[in-house]
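Heads up, the thing below is written out as structure tokens.
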Amino acid sequence: MADQNYCTMKMMNPLVFKRNSKASKEKGKMAPFAKPSISSPVSSYHHQSKQFPEQSMPSASIEHPTPAEENSDSDDEKLLRALMEADSNKEEDSDSEDDDNKPLSSRYLKATGKTPSKRPLDHQANFSEQSWVKRLKLSGSFSPSKNKQVSTKEEPQVDDDDDIILAQRMKNIRKSSPKPKQKVPKVGSSSKTINKGKKPDKLSKDQPGSESNDGQKKYWTSLIHSGVIFPPPYKPHGVKMLYNGKPVDLTPEQEEVATMFGVMKDSDYAKNQRFRNNFWKDWQKLLGKKHVIQKLDACDFQPIYEWCCQEKEKKKLMSTEEKKAAREEKLKQEETYKWAIIDGVKEAVGNFRVEPPGLFRGRGEQPKSGRLKRRIQPSDVTINIGKDAAIPECPIPGESWKQIRHDNTVSWLACWDDPISEEKTKYVYLAANSSLRGQSDKQKYEKARKLKDYIEDIRAAYTRAFTIPSKEDGAILKRQIAVATFLIDRFALRAGNEKDVDEEADTVGCCTLKVENVKAIAPNLLEFDFLGKDSIKYHQTHQVELPVYDAIKQFQDGKSSGDKLFDRLDTNILNAHLKELMPGLTAKVFRTYNASITLDNMLNEKTKQVGDASARVRVYKDANKQVAILCNHQRAEPKTFGEQISGLKKKIEDLKGVMEALETDLIRARKGKSPLKDGDGKQKRNLTPEALEKKMAQTTKKIETTERIIADKEDNKNVAMETSKVNYLDPRITVAWCKRHEVPIEKMFKTALLQKFDWAMDVDAYFRF
DNA sequence: CGTTGGACTTAGTACTGGTGAC
DNA sequence: GTCACCAGTACTAAGTCCAACG
């Protein structure tokens, strides 16, 4: 149902602009590395093939062709297509097979409904059967075994997997069956060195993908996929809304948009005047100027709203089997869209579903919030696909794609113009767990690690420049660059591109800070108060060196509150300067660097002091939280937060009651008396004073634990921990730490992250960022 | 050399399905 | 079996940055 989305729409949580803890961070002082990152002693076919070459990007047309490249592309792709189909049939068949005959990994995947990963995470399957400690001891390392043939083509090293014909490879990918030779060696068992542990290569490219001779980066030589899937057409429900209390007839198009708005009744959007105005403007265009409905305020969407609630209810009431059947039907329809074959390797596609029509939900004071986001038609969609691949059939009969392209210098599979701002484009990419994305992810972290070698000089340079003499050429610009770089480095501010005020919410980053966003408080405090990305409030006060303080005051001098603080600066100028300091350096690299190095340092400083595994996990969470605060990653308070807390508080009250009773019983027991009756009037068991004391100790502990849970929840209610995990923390830090401290990686990364960070799993236990 | 378009990364919220308590 | 809860996923908005353009 097209309106399904509307029916389930919930109240949007207003962003919480609560301030984060002001705990001043110690980012400035970076301890020298106790240990250089050492080369991985682990080697095996398995390990080798996973490693992305350090010196240059894996090329789609490397000297070491896959079978696919040896054949003509078109034949090859036909073959792959056939394989894909054959395989999906096979999979359907196999569903009826006895699951016990399947490898654990596939059973796991099936049981969890996870994407049949091309790289099965066998360790996960095993994990449930052994405690992590046992597993760790048994294997010497929890290092996951993976289906390595997937990436053999990227690995110029000779390995016997090259003999496997493509068909077999595809099958292996699908079946996820681990091969004996892929078993992970113990850490330290190898003679081959993969990561030399040296500085990241100078040659590594800024962008993923290999480069052809003309310097143009190239993502693939062959690319097959099925295009995109469109939301079903709108099904009119015929429920009449009221205008001035009277039912109104609407055309299906008008009704569709009315429904979009009607279901938002409870949300903040529906109350937001800008949202309402924008909605009304677009809806009125559909209604026509002469329509009965002349103003939004006289509209009553209640009947539509109720209809949606009923539909929701109906859905809920469906039997488990019905739900399952519906789900499976949906899955089946989507199956072909879920995958792409890129140079013979099957990869998951990310957002293969075209965005359904709806009302634009801009964040913060978005000028376009509430505008109708029109339906995307096939004629809006451009498909990017291999020259020899079959062009995906247009899923809507009688229509056709806007354009077919064969551009291997980009990684997107399809695109269309954003209906809200036509000058912007929406793209369909491979999923985060694809090797393409993995490569670029790894490069991002390698670049950030490279900054480690430059950071001292960079900091020294900008510190010097705070006090650059005014008579020097371009002194003000230089000083602004220095202070901006400092803010980006120390407080993890974003670069801050210029924005179009008419089109976007008024938010700022470093270069676009306004005078009013920073308050200099004598003697040397800076109070930052601004809305950043997603209109998330940044409100923190920091102590700074006097020269910075003075410079800020100087930049503010003679300006009005709305003026730019760094009037000489924009991100182009800043990044151009940064590039002179280190090749490829841009403002965002500092965030990655500081996030990752903070985690690495905190883990290495704090972990040894504590004993059991749960304590170590706490150290990790703590570090994670510090990073989240540093990067100002916030979240809205969970909806049921209040209830959660009051539930826990009640639990404490109950426990305190128990304590009192135990105390009374203890006093009596010491006098040889039997305990009082309990609340229900029943006689309690006679216990010795020792037993009662033990019980009291247990209860006290429970109270303390619960109190800590409450405190933790309060403390973390506005902190988004996931964001940094997904985007800023080099997963190798986490993986290596897990290896060193016998913590199963599954405890730190959920399934999606395990897949996304597949490239990091083989890292040496002594890896340091 | 500033502006714009294009491509890719980062971000928070909405939604869902699985799980454990009852 | 039901239901509430919440962890995990899906979704898509909003950033960054580069290079082509004029």
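Throughout, protein chains are lettered first and strands after them, A, B, ... in sequence-line order, and every chain is numbered starting at 1.
- Within the nucleic acid shown, S411(A) comes within 4.0 Å of sugar-phosphate atoms alone, with no base atom in reach, counting heavy atoms only.
- Among the protein residues, Y429(A) comes within range of the nucleic acid bases, having at least one heavy atom under 4.0 Å from a base atom.
- Side-chain N/O atoms of T507(A) and K499(A) include a donor and acceptor closer than 3.5 Å.
- Across all strands, K499(A) comes closer than 4.0 Å only to sugar-phosphate atoms, never to a base (heavy-atom distances).
- Between the CD atom of E504(A) and the P atom of dA13(C) there is a distance of 13 Å, given to the nearest Å.
- Taking the six-membered ring where tryptophan is involved, the planes of F769(A) and Y593(A) are tilted, since the angle between them lies from 30° to 60°.
- Which of dT9(B), dA10(C), dG6(B) sits closest to the side chain of T425(A) comes down to dG6(B).
- Across all strands, N572(A) comes closer than 4.0 Å to base atoms (heavy-atom distances).
- Of the side-chain N and O atoms in Y269(A), none sit less than 4.0 angstrom from OP1 or OP2 of dA14(B).
- For a distance-only test at 3.5 Å, the side chain of K533(A) qualifies as a donor-acceptor partner of the base of dT10(B).
- Candidate nucleotides dT3(B), dC17(C), dA13(C) were compared by shortest atom distance to the side chain of K373(A), and dA13(C) ranks first.
- When each of dG12(B), dT16(C), dA14(B) is scored by its nearest atom to the side-chain atoms of R494(A), the top-ranked nucleotide is dT16(C).
- The two residues I488(A) and R494(A) have their closest heavy-atom pair at CG1-O, 4.4 Å.
- Taking CD1 from I458(A) and CZ from F486(A), the interatomic distance works out to 14.5 Å, rounded to the nearest 0.5 Å.
- Each of dC8(B), dA14(B), dA14(C) was ranked by its minimum atom distance to the side chain of K217(A); first place goes to dC8(B).
- If you take CZ of F590(A) and C1' of dT16(C), they are 15 Å apart, rounded to a whole angstrom.
- Summarising the geometry, the separation between CH2 on W416(A) and C1' on dC11(C) is reported as 11 Å, rounded to the nearest angstrom.
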